[in-house]
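To keep things clear, I will list the structure first and then write my remarks on it.
Since the model is a prediction, treat every value here as computed from it, not as a measurement.
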Amino acid sequence: MINSAAAAMAKLEQSIKIATTPVEVFLFFVPQRMPYWYGAEMAAEFEVSGGAADFAVSQKVRISGKLGKKELTHTAVITRYEWNRILEWRFEDAYGVRGLERWELSPITAGSQAITKVRMTSEYEMPGALGRAMDWLITRHAVARRNRDYLGRLRKYAERR
């Protein structure tokens with residue numbers, strides 16, 4: 001028997017290689033710099049509970065912005081944070097979409113060239129039967145394209161340092 005909750009959850013994984021060290025890449029996984037590459041199309045703003053300069057496990061992060069004339073917002077809770085290695089959060093938006101996003105950084109040995117592999121995982125669930133149908137037809141393709149854009153912008157910024 002198939003678990004209906006597991007069947008409703010979409011999971012997308014993408015990765016990119018960035019020509020620099022994990023330390024240089026992870027400098028963009030802080031609340032002040034993440035909006036440059038994550039959510040740049042909606043001029044995202046990150047509000048971290050307590051006004052913290054860095055992320056921490058159990059911390060709430062409110063991500064908001066505008067896409068056209070539409071206000072978008074969702075709240076994430078940091079569930080895993082390992083400096084230079086992993087950032088993971090669970091989120092839920094105003095429309096009932098909930099899930100998890102995770103970025104894992106790992107160094108790759110390639111002669112004398114420093115290379116970091118960044119793997120981004122998006123798991124989410126759309127509410128209701130119509131939401132699941134829309135996910136299958138449209139949303140998962142849009143999320144995959146959006147994630148490729150995010151990773152591409154991250155590479156652009158990290159390799160410029």
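- Listed here is the closest heavy atom pair of R153 and E41: NH2-OE1, 2.9 Å.
- Separation of atoms CG (L100) and OG1 (T121) is listed at 8.0 Å; rounding is to 0.5 Å.
- With hydrogens and angles disregarded, no donor-acceptor distance shorter than 3.5 Å links the side chain of E104 to the backbone of R119.
- Linking Ile, Leu, Val, Met, Phe, Trp and Tyr residues whenever their side-chain heavy atoms come within less than 4.5 Å leaves V118 and I115 in two separate clusters.
- Once rounded to the nearest 0.5 Å, the distance linking NZ of K156 with CD1 of I18 reads 12.5 Å.
- Within the structure, salt bridge (charged side-chain N to carboxylate O under 4.0 Å, His left out) pairs that include any residue of residues 86-97 comprise E88-R102 (at least two apart or interchain).
- For Y150 and F28, the gap between ring centers reaches or exceeds 6.0 Å.
- Taking CG of L12 as the start and CE of M120 as the end, the distance is 9.5 Å to the nearest 0.5 Å.
- Cluster membership for V57 and W89, using ILVMFWY side-chain heavy atoms within less than 4.5 angstrom, is shared.
- Counting only residues at least two apart or on different chains, the side-chain hydrogen bond (donor to acceptor under 3.5 Å, both in side chains) pairs with a member in residues 45-57 are E47-R62.
- With respect to F29, the ring-ring contact (aromatic ring centres under 6.0 Å, His included) criterion is satisfied by exactly one of Y36, W37, W83: W37.
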Output, in order, the C-alpha distance, side-chain angles, deciding distance and verdict of side chain to side chain contact (heavy atoms under 4.5 Å, CB included) for F91 and Y124.
CA-CA 9 Å; F91 67 88; Y124 62 91; 4.1 Å; yes
For side chain to side chain contact (heavy atoms under 4.5 Å, CB included), just list the numbers for R33 and Y157, CA-CA rounded to whole Å, side-chain angles, deciding distance to a tenth of an Å, and then say yes or no.
CA-CA 10 Å; R33 290 193 179 125; Y157 284 113; over 6 Å; no
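- E101 and Y38 form a side-chain donor-acceptor contact under 3.5 Å, judged by distance and modelled atom types alone.
- A donor-acceptor pair under 3.5 Å links the side-chain atoms of Q14 to the main chain of A144, judged by distance alone.
- Residues meeting the side-chain hydrogen bond (donor to acceptor under 3.5 Å, both in side chains) test with R80, sequence neighbours left out: E82.
- In this structure, the side chain of Q59 engages the main chain of A56 through a donor-acceptor pair within 3.5 Å.
- Of all heavy-atom pairs spanning A158 and T20, the tightest one is O-CG2, 4.0 Å.
- Taking the six-membered ring where the residue is Trp, the centroids of W103 and F26 are separated by 6.0 Å or more.
- Between A19 and Q113, the shortest heavy-atom contact is CB-NE2, 3.6 Å.
- W136 belongs to no hydrophobic cluster, as no Ile, Leu, Val, Met, Phe, Trp or Tyr side chain comes under 4.5 Å of its own.
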List the steps, then state whether side chain to side chain contact (heavy atoms under 4.5 Å, CB included) holds for D149 with L151.
CA-CA 5 Å; D149 290 347; L151 291 172; over 6 Å; no
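- Follow the hydrophobic side-chain contacts under 4.5 Å out from L130 and you reach I138 in the same cluster.
- With a 6.0 Å radius and a threshold of 12 heavy atoms from other residues, nucleotides or ligands, R146 has its CZ atom above the threshold.
- Residue R140 holds its CZ atom at 4.5 Å from CG of D135, rounded to the nearest 0.5 Å.
- Using a 4.5 Å cut-off on side-chain heavy atoms (C-beta onward), T21 and P107 make no contact.
- For residues 52-73, no residue pair satisfies the ring pair (Phe, Tyr, Trp, His ring centres under 6.0 Å) rule, not counting sequence neighbours.
- For E13 and R148, the salt-bridge test fails: no basic side-chain N is under 4.0 Å from an acidic carboxylate O.
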Check the pair L87 / M34 against side chain to side chain contact (heavy atoms under 4.5 Å, CB included), numbers first and verdict last.
CA-CA 12 Å; L87 171 62; M34 231 172 140; 3.9 Å; yes
Show me the donor-acceptor pairs within less than 3.5 Å that the side chains of residues 63-78 make with the rest of the protein, sequence neighbours left out.
unit_1: T73; atom_1: OG1; unit_2: I63; atom_2: O; d: 3.4

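- For the residue pair P31 and A53, the shortest heavy atom distance occurs at CD-O, 3.2 Å.
- Expressed to the nearest 0.5 Å, how far NZ of K117 lies from NZ of K17 amounts to 7.0 Å.
- Distance CG/L105 to CG/N84: 8.0 Å, rounded to 0.5 Å.
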